[in-house]
Amino acid sequence: MTDRVDTYPTDQALGRSRITYGYVTFRKLLGKTVAYGGLCVILAVTAVPFLWMVFGAFKTEAQLFEYPPRLFPDPWTLEAFPVLFKAIPFGHMFFNSWKISILGTLGALVSSAMAAYAFARLKFWARDQLFIIMLATMMVPAQVTMIPVFVIMFRLGWIDTHLPLIVPNWMGWAFGIFLMRQFFLQISSEMEDAAKIDGANAIQIFLRLFVPLSKPVLATLAVFAFLFTWNDLLGPIIYLTTQEKMTLTVGIATFKGFNRTRYALLMAGATISVIPILVIFIIAQKYFVRGITISGGLKG
Amino acid sequence: MATAELAPKSAVSRSRRMRRLRENATGYLFIAPWIIGLVVFTGGPIFGGLALSLFDWDTLSAPEFIGFDNFIRLPTDERFVRSLHQTVYFTFASVPLGLTISFLLALLVNQKLKGVNFFRTAYFLPGVSSVVAIALIWGWLYDGHTGLVNFLLDLIPGVTPPLWLVDTRWSMPAVIIMSVWRTMGFDMIIFLAGLQAIAPEYYESARIDGANRWQLLRHITLPLISFTIFFLVVVSIIGSFKVFEQTLILTNGGPAFSTYTLVFYIYRHAFQQFNMGYASAMAFTLFAITFIVTMFQWRMQRRWVHYD
């Protein structure tokens with residue numbers, strides 16, 4: 001016999017009549033419609049340029065410049081792909097991009113996790129001062145150090161090799177260290193103490209306790225690191241000269257000619273180059289927002 | 001008797017000293033890669049760059065010490081002044097615009113709606129493609145005759161759309177719009193993380209007190225994510241002072257130098273004309289500006305950033 005109204009005790013307490021419930025449902029419905037409408041409009045703004053690229057990969061040059069513009073190709077064609085594979089050393093570039101991004105990401109994660117663990121959990125001389133220095137390096141634009149680093153790479157004989165693009169990633173990544181330290185600080189010390197009593201040393205505690213617990217933040221950082229290395233343009237154009245050693249990002253940029261831009265090739269290349277990022281993102285998605293949220297909403 | 005007492009004492013202090021030494025060694029072992037990186041790739045090169053800015057060096061002949069000549073030349077270099085001006089313009093337009101939009105997006109996708117995860121992903125994903133791909137596609141979107149932007153603007157009666165990338169007044173706004181589009185998904189995710197860290201109890205108790213939506217936003221949401229806002233403002237300003245790839249691909253600095261930015265100009269001097277000393281002086285000026293702006297924000301944060 002319980003009336004539905006009973007589920008709204010506060011409203012009843014406020015003395016609202018039955019008519020207001022009709023109004024409330026109407027407002028709720030309106031609110032939802034507005035919310036979904038807004039979401040869809042924004043979706044169009046964010047997605048159209050992206051979809052234009054993907055569908056553009058299956059168009060001819062003439063179809064791309066049709067006016068009025070049409071999103072879907074008609075008819076679909078695969079013409080651009082064989083031309084693309086011949087126009088640039090595609091296989092080499094694709095492999096180089098994977099090699100640099102995977103080794104770079106791995107290095108960024110390993111070195112940052114190590115440093116973050118030390119800053120969060122170990123006691124050593126000048127720890128807090130060093131941490132402040134690390135935060136300060138986050139403020140330094142890479143372009144400031146770009147020229148001296150180039151000189152160092154030149155002296156090391158690393159120009160036109162992939163080393164300048166990989167090795168610095170293995171030397172800690174301030175943003176990653178910062179985010180992971182916040183995460184490590186929140187892990188309860190009870191487990192750590194228990195492990196210590198069992199005779200585990202710092203390295204074992206790090207590897208067997210902290211690394212497995214920090215999967216969400218590691219996954220989030222892996223996406224970021226992969227994204228930055230995969231999409232890096234400045235690094236490869238500064239350090240590499242041989243075309244076969246270039247990355248896919250640089251390869252695609254070469255289609256932007258000074259006289260004529262080869263749009264069909266560009267769309268095809270850009271579409272292929274975005275696939276690995278999508279794959280990495282989808283794999284890590286489960287952890288993605290959680291990885292940042294757990295780090296205390298980036299609190300200091 | 002005295003010696004008997006002394007022996008265990010020194011043993012204790014020795015073992016404590018040993019333990020402290022071991023702790024220090026472990027700590028430094030863990031941060032060793034970062035320390036090497038600091039010396040070789042970040043901290044060291046900052047001083048290297050400062051030194052280099054006092055030389056005239058074309059990478060082929062020996063560097064020649066010229067004191068502060070590079071810095072003295074800066075204010076008289078019309079293109080440097082213009083690049084600096086355009087970088088500041090870019091920053092002060094794109095950061096407030098981008099952060100406002102991404103905050104609103106985060107509020108929108110923070111609602112409990114069916115399928116909201118799909119929208120979150122869809123908003124975030126476009127920005128993950130390389131700047132190169134994005135800039136090239138926007139190059140087409142902005143095309144005065146066949147591009148989508150002007151096709152849509154033409155549909156609005158009474159609007160004469162600009163020719164964007166070939167118009168010196170509209171080329172920088174075009175770069176700004178594209179940059180906002182690219183970064184808003186990323187910023188939205190960080191805002192979203194901040195929003196999700198707010199305990200729902202805060203809202204519930206405020207609602208019981210009769211607070212409306214605007215009051216909830218103003219007095220609960222904003223103060224509680226003020227650190228996220230602060231973090232994003234700092235990071236975005238640093239990021240936009242470095243704007244480079246967008247202008248390189250979208251406009252190559254043109255038309256008529258209207259999209260020359262500082263890093264673009266530094267890149268030109270350092271790696272195309274090989275004026276390493278002069279380029280270093282510019283890079284250092286950029287660093288000084290970034291540093292001052294960041295320090296200023298750090299000072300100001302006490303007035304509006306809440307820590308709990």
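Being a predicted model, the structure only gives us computed values, none of them experimental. Basis for what follows: all heavy atoms, side chains included, without hydrogens, waters or symmetry-related copies.
- Residue contact with chain A, scored on non-hydrogen atoms closer than 4.5 Å, involves the side chain of B/M184 exclusively.
- Taking the six-membered ring wherever Trp is involved, the centroid distance between the rings of A/F131 and B/W34 does not fall below 6.0 Å.
- Taking all atoms of both residues into account, the shortest heavy-atom contact from A/T271 to A/A57 is OG1-CB, 3.6 Å.
- With a 4.5 Å cut-off on non-hydrogen atoms, B/I266 touches chain A through its side chain but not through its backbone.
- Only the side chain of A/I277 comes within contact range of chain B, judged by heavy atoms closer than 4.5 Å.
- For A/L248, no part lies near chain B; criterion is any non-hydrogen pair under 4.5 Å.
- Taking the six-membered ring where tryptophan is involved, the planes of A/W173 and A/F175 are tilted, since the angle between them lies from 30° to 60°.
- When heavy atoms are compared at a cutoff of 4.5 Å, A/F154 does not approach chain B at all.
- With a 4.5 Å cut-off on non-hydrogen atoms, B/F191 does not touch chain A at all.
- In terms of heavy-atom pairs under 4.5 angstrom with chain A, the leader among B/I36, B/I35, B/T121, B/V131 is B/T121.
- Nearest heavy-atom pair across A/S111 and A/N169 is OG-O, 3.3 Å.
- In terms of non-hydrogen atom pairs under 4.5 Å with chain B, the most contact-rich of A/K32, A/M53, A/M114, A/K123 is A/M114.
- Top candidate by heavy-atom pairs under 4.5 Å with chain A, chosen from B/G44, B/P45, B/A283, is B/P45.
- Only the side chain of B/Q111 comes within contact range of chain A, with heavy atoms under 4.5 Å apart.
- At a 4.5 Å heavy-atom cutoff, the contact between B/F119 and chain A is made by side-chain atoms alone.
- Using a 4.5 Å cut-off between heavy atoms, A/W170 touches chain B through its backbone atoms (N, CA, C, O) alone.
- Heavy atoms of B/I46 lying under 4.5 Å from chain A belong to its backbone as well as its side chain.
- Across all their heavy atoms, A/M171 and B/G37 have their closest contact at CB-CA, 3.4 Å.
- A/V250 has its side chain within reach of A/T247: a pair of non-hydrogen atoms, C-beta onward, lies under 4.5 Å apart.
- For B/L29, the parts lying under 4.5 angstrom from a heavy atom of chain A are both the backbone and the side chain.
- Taking the six-membered ring where the residue is Trp, A/F150 and A/Y239 present parallel rings, their angle staying beneath 30° rather than reaching 60°.
- Contacts of A/I152 with chain B are made by side-chain atoms alone, with heavy-atom separations under 4.5 Å and no backbone atom involved.
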### Message
Applying ring pair (Phe, Tyr, Trp, His ring centres under 6.0 Å) to B/F186 and A/F224, what does each step give before you reach the verdict?
### Response
CA-CA 10 Å; B/F186 179 85; A/F224 288 154; 5.0 Å; yes
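- Under the side chain to side chain donor-acceptor pair (under 3.5 Å) criterion, B/Q246 pairs with B/S179, not counting sequence neighbours.
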#### Entry: B/W298 and B/F230: CA distance, side-chain angles, deciding distance, ring pair (Phe, Tyr, Trp, His ring centres under 6.0 Å) verdict
CA-CA 9 Å; B/W298 214 267; B/F230 172 70; 5.4 Å; yes
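- For the pair B/Y142 (side chain) and B/N150 (backbone), a donor-acceptor distance under 3.5 Å is absent.
- Looking at A/L266, only its side chain comes within 4.5 Å of chain B, counting heavy atoms on both sides.
- Counting only distance, with no hydrogens or angles, the side chain of B/T285 and the backbone of B/A281 share a donor-acceptor pair below 3.5 Å.
- When each of B/E245, B/M282, B/E23 is checked for heavy-atom pairs under 4.5 Å with chain A, B/E245 comes out on top.
- Note on ring orientation: taking the six-membered ring where Trp is involved, the planes of B/F271 and B/Y267 are tilted (angle from 30° to 60°).
- Looking at B/L248, only its side chain comes within 4.5 Å of chain A, counting heavy atoms on both sides.
- Interface residue B/L250: only backbone heavy atoms are found under 4.5 Å from chain A.
- Interface residue B/I249: backbone and side-chain heavy atoms are both found under 4.5 Å from chain A.
- Here the OG1-CZ distance, from A/T145 to B/F47, works out to 12.5 Å after rounding to the nearest 0.5 Å.
- Annotation: the span from B/T247 atom OG1 to B/Y265 atom OH amounts to 14.0 Å, rounded to 0.5 Å.
- Interface remark: B/V235 contributes no atoms to any contact with chain A (heavy atom separation under 4.5 Å).
- With a threshold of 4.5 angstrom between heavy atoms, A/D232 approaches chain B through its backbone and through its side chain.
- Both the backbone and the side chain of A/L43 come within contact range of chain B, judged by heavy atoms closer than 4.5 Å.
- Heavy atoms of A/I203 lying under 4.5 Å from chain B belong to its backbone as well as its side chain.
- The candidate from B/F244, B/F241, B/F284 with the greatest count of non-hydrogen atom pairs under 4.5 Å with chain A is B/F244.
- Atom CG in B/N70 sits 9.0 Å away from atom CG in B/L52 (nearest 0.5 Å).
- Remark: A/R127 fails to qualify as a cation-pi partner of A/F119 under the 6.0 Å distance and 45° angle criteria applied to the six-membered ring.
- At distances below 3.5 Å, not a single donor-acceptor pair connects side-chain atoms of A/W230 with backbone N or O atoms of A/V274.
- Heavy-atom pairs under 4.5 Å with chain B were tallied for A/L130, A/V48, A/V167; the largest tally goes to A/L130.
- Using a 4.5 Å cut-off between heavy atoms, B/L50 does not touch chain A at all.
- For a residue to count as touching a neighbouring chain, one of its non-hydrogen atoms must lie under 4.5 Å from one of that chain's; by this rule B/W140 touches chain A with backbone and side chain alike.
- Residue contact with chain B, scored on non-hydrogen atoms closer than 4.5 Å, involves the side chain of A/I238 exclusively.
- Residue A/V151 touches chain B through its side chain alone, counting heavy-atom pairs closer than 4.5 Å.
- For a residue to count as touching a neighbouring chain, one of its non-hydrogen atoms must lie under 4.5 Å from one of that chain's; by this rule B/L113 touches chain A with backbone and side chain alike.
- Taking chain A as the reference chain and counting heavy-atom pairs below 4.5 Å, the highest number among B/L108, B/T26, B/L136 is found for B/L136.
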